[in-house]
Protein chains: 2
Amino acid sequence: MDNKPISPNLEDGFPVSASREAMVAVLRAYGTLQRLMEPYFSQFDLTPPQFQLMCIAHRFGQDALTQRRLAREMYVSFPNITVLLKRMEKKGLIERNGNPRDRREKYVRLTEAGEKLLRRVWQVHQKQMDMVMEGLSVAERKQMTALLNKMTAAHRIEGE
Amino acid sequence: MDNKPISPNLEDGFPVSASREAMVAVLRAYGTLQRLMEPYFSQFDLTPPQFQLMCIAHRFGQDALTQRRLAREMYVSFPNITVLLKRMEKKGLIERNGNPRDRREKYVRLTEAGEKLLRRVWQVHQKQMDMVMEGLSVAERKQMTALLNKMTAAHRIEGE
DNA sequence: ACTCATTCGTTAACCATTAAACGATTTGAC
DNA sequence: GTCAAATCGTTTAATGGTTAACGAATGAGT
């Protein structure tokens, strides 16, 4: 990426509606987030999904966290988890222990190194997220959150 | 993806702020969009980026559209365009013609088949986008668009 | 005219993602 | 008890994305 982006142009002869503008806005916001977060995470030799995975593993702590469950928590397909974990295991951030009572399952846990790195990231993570959202007041952030979640909720699949 | 997602849990012991909730909301909204649009586009043997590329090529029409320019329009890296175009050329949707006055450049244009497919998609595309946004009223869609764009604008790079 | 920096497109290597097929294990119907 | 179905993790092939390095063509300074 070695050049400047250009504002998205909707004047292509196809109809412009509130739905279309909203959709384009979501896509652009996501792209902006990605562009801001990736260099930030790479400073810790992490990627956004790897960080997300570590947060979830941290939340489960010593509780049983199968790879299946992890995939559902991350809204991600099951095969994806395999390669993600493989890389993170190689880096020593997580460990997989087989469940002796059901030898199909493997439990995922943060290693001590993983916990340590996660704490280190969180020391500056709040500041980074505030920077990403700096264009909006706190009230506006909450308003945007509510609208996005309302949009998402309409397509929610049952089962929490 | 063969199981149900679970609502994202922010109770992981790390601070929850308006910024963090907003960021998670954007990520979830994007994921929802992806999940809704991919099967829709695959019905036309297209992917979201391929459709986006076709819309841009359509907008340029017979005007000069280099691969460089296309990458900037799509907010995407230059090498990415190469492989994207290669696949679409194989499908006969676009064509690349060398510029005889500057033999480094190649101009991208929709083929007749590409134009035809694009018109076919657009016949139902508006309805699809309205479905994605059905959880929000028109006023709410506009409000969300404005907030997202305000957030994005704070990180805008100069040069349009 | 020559050289050297710049620009354009490509290739290679990597990461993240998906669907589909597969092997191993557990479970349940009979 | 046995065998078929469901479940868990993995592998493979495809797509889309990145950065880094490269070759070819252009252009500008001297």
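The figures here come from the full heavy-atom set of this structure, side chains too, leaving out hydrogens, waters and symmetry mates. Every chain is numbered from 1, with letters handed out A, B, ... down the list of sequences.
Across all strands shown, B:I81 has no heavy atoms under 4.0 Å from either base or sugar-phosphate atoms. Counting non-hydrogen atoms under 4.0 angstrom, B:Q52 reaches nothing in the nucleic acid.
Each of A:V138 and B:L148 belongs to its own hydrophobic cluster when Ile, Leu, Val, Met, Phe, Trp and Tyr are linked at side-chain heavy-atom distances under 4.5 angstrom.
Between the CD atom of A:E105 and the P atom of C:dA24 there is a distance of 18 Å, given to the nearest Å. What separates CZ of B:R72 from P of C:dG9 is a distance of 11 Å, to the nearest Å. Atom CG in A:N80 sits roughly 13 Å away from atom C1' in D:dG9 (whole-Å rounding). Following rounding to the nearest Å, A:R103 (CZ) and D:dA6 (P) show an atom-to-atom distance of 22 Å. Rounded to whole Å, atom P of C:dC8 lies 13 Å from atom CG of B:L65. If you take CZ of B:F78 and P of D:dA21, they are 17 Å apart, rounded to a whole angstrom.
Between B:E112 and B:K116 there is no salt bridge, since no side-chain nitrogen of the basic residue lies less than 4.0 Å from a carboxylate oxygen of the acidic one.
A sub-4.0 Å separation between OP1 or OP2 of D:dT18 and a side-chain N or O of B:S77 is present. Listed pair B:Q34 / C:dT17 fails the phosphate criterion, with no side-chain N or O lying under 4.0 Å from OP1 or OP2. An OP1 or OP2 oxygen of D:dT11 is reached within less than 4.0 angstrom by no side-chain nitrogen or oxygen of A:T82.
The shortest side-chain heavy-atom distance between A:Y40 and A:V121 falls under the 4.5 Å cut-off.
Between the side chain of B:R104 and the base of C:dT7, a donor-acceptor pair under 3.5 Å is found.
B:N97 and B:Y107 are not linked by any side-chain donor-acceptor pair at a separation below 3.5 angstrom, with hydrogens and angles left out of the test.
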